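Here the structure comes first, spelled out in structure tokens, and everything after it is commentary.
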Amino acid sequence: MARKILVTGAFGLAGSDLVPALQKKFGKNNVYALGNKTIPSDFDGNLVTGDVRDKSSLERIIKTHKITDVYHLAGLLSVGGEKDPELAWDVNINGLRNVLELSRIYKFKIFWPSSIAAFGPTTPKVKTPQHTSIEPTTIYGITKLTGELLLQYYFKRWGVDGRSLRYPGLIGYKAPPGDGTTEYSVHIFYGLLKENRYSAFLKKDARLPMMYIDDAIRGTIELMEAPASKISVRTSYNFSAINFTPEELADEIKKLYPTFKCAFDPDPIKQAIADSWPESIDDSVARKDWGWKHEFTLPKMTNVMIVGLKKKLGK
Ligand code: SER
């Protein structure tokens with residue numbers, strides 16, 4: 001059966017890199033990008049528009065294009081969620097429920113991202129294990145925990161093949177940085193190239209798990225392509241690469257741009273969110289089950305971010 005892939009949230013932080021990767025692997029004609037508000041005018045591929053909360057329009061897309069795989073990325077992030085918790089619940093949960101319900105009928109495979117935000121203050125902060133105390137305090141984290149349990153429920157009850165990763169902070173240059181707590185690590189590169197300075201909205205020692213986007217996209221596709229027999233976790237896999245503090249990232253940039261100035265001016269809401277999340281993640285189950293392995297270190301990520309963003313900004 002020909003693979004036909006739908007990506008929701010196609011133009012967000014992960015989607016902007018996932019769609020071209022899927023187009024390359026499966027052919028441009030076999031990938032459908034679902035966007036809602038922010039659709040770049042130069043997008044090259046199959047475009048479908050709609051809102052994931054509207055089940056009948058999603059159903060129409062899935063039926064018309066005989067979709068076999070859905071990467072359901074549409075959702076609000078942590079800071080955006082705190083600005084409008086009702087909207088975060090509506091989009092993140094009702095969108096996912098629509099996808100899960102439609103998968104019962106049309107039998108497509110699902111990827112859905114969870115996050116380190118599913119963890120909370122009672123979770124061990126260092127090398128957080130796969131199975132642990134999980135009591136998120138942000139609405140975003142609550143939607144992620146709920147989503148993980150729904151995914152597992154639909155798998156056990158209905159055989160829906162949903163797969164998931166607890167994404168750390170993702171760093172990429174293709175999409176403009178959005179409303180995430182970890183996204184100081186993207187904004188900092190814009191500050192560097194535009195003004196040679198940046199003021200971080202987290203404390204200088206706020207250590208968080210992070211990953212360069214190419215690693216995240218490769219891991220995501222590898223998980224989806226793994227045989228079902230290798231998938232032992234049906235909530236969401238711990239998924240990790242590097243971790244660093246804002247100060248460590250600034251110091252890494254200074255190795256290449258010694259005159260770069262970075263200040264640290266924590267925003268209380270964002271800092272409180274960061275404080276509730278782990279510093280590092282134990283992802284040995286993903287590594288054992290389906291062979292996950294990251295490639296990008298902090299210096300390598302810093303280098304490719306600068307090269308890529310320079311080109312994007314025409315610097
Ligand atoms: N990057 C996300 C955020 O900061 C975490 O999943 O909201």
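One-based numbering, in listed order, for ligands and for the atoms of each. Being a predicted model, the structure only gives us computed values, none of them experimental.
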So do Y184 and L249 actually touch side chain to side chain, heavy atoms under 4.5 Å?
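Result yes, sub-4.5 Å side-chain heavy-atom pair found.
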Within 45 degrees of the ring normal and closer than 6.0 Å to the centroid, is that where the cationic atom of K300 sits relative to F296?
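Yes, a cation-pi geometry.
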With a distance cut-off below 6.0 Å to the six-membered ring centre and an angular limit of 45° from the axis, does K312 pair with Y173 as a cation-pi contact?
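No, K312 does not lie over the aromatic ring of Y173.
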E252 versus T302, side-chain donor and acceptor atoms under 3.5 Å:
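No, E252 and T302 have no side-chain donor paired with an acceptor closer than 3.5 Å.
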Is it true that, when you exclude I269 itself, more than 12 heavy atoms of the residues, nucleotides or ligands shown sit nearer than 6.0 Å to its CD1?
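Count not over threshold, so no.
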Checking S229 now: which residues fulfil side-chain hydrogen bond (donor to acceptor under 3.5 Å, both in side chains) with it, not counting sequence neighbours?
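Per chain and number, S229 pairs via side-chain hydrogen bond (donor to acceptor under 3.5 Å, both in side chains) with no residue.
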Amino acids contacting ligand 1, non-hydrogen cut-off under 4.0 Å:
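Residues L77, S78, S115, Y140, G180, T181, T182, W277 each place a heavy atom under 4.0 Å from ligand 1, listed by chain and number.
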